[in-house]
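Single-structure report; data block below.
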Amino acid sequence: MPHHAAEIALTRPVTPGELRHAHCGVSLAASADRTRLMTVYSARSPASALHALRRRLGTRLPIDVLTAHYPDRHGQVLLNVALDHTADRALHQAAAVLGQRPQDLLRRRVTAALARDDHERARRLEVRLESLLTQHTPQDVLACVAVLLHRHQHHPARTAP
């Protein structure tokens, strides 16, 4: 059976005891701040792997979202989200009104929210650059960016422990 890499985003940092308890049967690697975990899980498909991980670890860890670590051949990343009863009911009702499957409606809404976020981030960056260009020449801004990028390439910022 193939192995699938998965990332587990947690609602809060996991305690060392929770991490030890979760290690039973599942190998996990924790991020420095213990809010994300990585694992490789054997299953028929990435969806099966995420579903099995949710069942196996859901009562042991404060899981927010499980994701397939690698995008599929269409560039999509698989998410496994557990909704509370109220949100699940609202999603099913909205999907029924639109004549869609709940997972398709959720996929479209998440994709649209991510696109909006990308657009807003790009717009904020554009506004900041426009502000810089009122005080500096384009050549100065470009030279400064080049220095910063070079510095980050050779001395990446350290993450907090």
Side-chain angles (χ1 to χ4, degrees), residues 1-95 100-125 128 144-161:
M1 209 169 318
H3 288 79
H4 304 279
E7 182 171 350
I8 304 166
L10 304 171
T11 59
R12 61 171 171 73
V14 69
T15 66
E18 289 171 322
L19 195 54
R20 272 191 308 279
H21 185 62
H23 269 290
C24 298
V26 178
S27 296
L28 299 166
S31 63
D33 63 2
R34 296 188 327 268
T35 59
R36 291 184 332 274
L37 305 172
M38 289 295 299
T39 189
V40 176
Y41 200 81
S42 179
R44 285 174 283 143
S45 67
S48 296
L50 296 183
H51 184 74
L53 284 166
R54 169 87 55 192
R55 273 194 336 260
R56 193 159 197 173
L57 299 174
T59 59
R60 298 176 183 198
L61 296 170
I63 296 174
D64 188 16
V65 178
L66 292 142
T67 64
H69 187 64
Y70 299 106
D72 64 14
R73 65 178 176 261
H74 305 291
Q76 301 292 309
V77 175
L78 182 64
L79 299 177
N80 178 294
V81 180
L83 301 175
D84 66 29
H85 182 68
T86 304
D88 189 56
R89 187 175 20 171
L91 178 64
H92 276 80
Q93 288 173 347
Q100 299 176 7
R101 297 183 320 163
Q103 58 267 37
D104 294 338
L105 178 60
L106 184 60
R107 178 184 303 116
R108 268 206 339 281
R109 287 183 175 178
V110 168
T111 301
L114 290 171
R116 277 191 312 273
D117 184 62
D118 285 348
H119 179 76
E120 289 169 12
R121 287 171 46 89
R123 181 69 190 131
R124 284 193 306 270
L125 178 58
R128 291 175 111 176
C144 184
V145 168
V147 167
L148 286 173
L149 290 175
H150 184 284
R151 187 181 306 151
H152 283 277
Q153 182 180 12
H154 294 287
H155 307 285
R158 293 173 33 129
T159 58

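The residues of the chain are indexed from 1 along the displayed sequence.
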Go through the structure and list residues passing side-chain hydrogen bond (donor to acceptor under 3.5 Å, both in side chains) with R123, not counting sequence neighbours. E126
Would you please name every residue forming a side-chain contact (heavy atoms from CB on, under 4.5 Å) with A47, sequence neighbours left out? S45, L78
Contact list for residues 55-69, test side chain to side chain donor-acceptor pair (under 3.5 Å), sequence neighbours left out: Y41-R56, H51-R55
Euclidean distance, I63 CD1 relative to L10 CG, rounded to 0.5 Å: 7.0 Å
Residues which pass side-chain contact (heavy atoms from CB on, under 4.5 Å) with L105, listed by chain and number, not counting sequence neighbours: L91, A94, A95, L98, Q100, R108, R109
Hits for side-chain contact (heavy atoms from CB on, under 4.5 Å) against T111, two or more places apart or cross-chain, chain-then-number order -> R107
Name the residue from L53, L61, V26, L66 that meets the side-chain contact (heavy atoms from CB on, under 4.5 Å) definition with L37. L61
Under the salt bridge (Lys or Arg N to Asp or Glu O under 4.0 Å) rule, collect the residues that match up with R12, sequence neighbours excluded. E18
Residue set satisfying salt bridge (Lys or Arg N to Asp or Glu O under 4.0 Å) with R54, at least two apart, ordered chain then number -> none
side-chain contact (heavy atoms from CB on, under 4.5 Å) with H74: which residues, sequence neighbours excluded? D72, Q76
Separation between OG1 of T39 and NE2 of H3, rounded to the nearest 0.5 Å: 9.5 Å
Name all residues meeting the side-chain hydrogen bond (donor to acceptor under 3.5 Å, both in side chains) criterion together with R44; count only those two or more places apart in sequence or in a different chain, and write none if there are none. none
Between the main-chain N or O of V14 and the side-chain N or O of R34, is there a donor-acceptor pair closer than 3.5 Å? yes
Evaluation steps, side-chain contact (heavy atoms from CB on, under 4.5 Å), between L149 and Q153: CA-CA 6 Å; L149 290 175; Q153 182 180 12; over 6 Å; no
Any pair counted as salt bridge (charged side-chain N to carboxylate O under 4.0 Å, His left out), so long as it reaches residues 73-91, sequence neighbours left out: none
Testing the basics here: between T35 and S31, what is the closest heavy-atom pair and its distance to 0.1 Å? N-OG, 3.4 Å
Test side-chain hydrogen bond (donor to acceptor under 3.5 Å, both in side chains) applied to S42 - qualifying residues, sequence neighbours left out: none
Any chance you could measure H92, atom NE2, to Q103, atom CD, to the nearest 0.5 Å? 7.5 Å
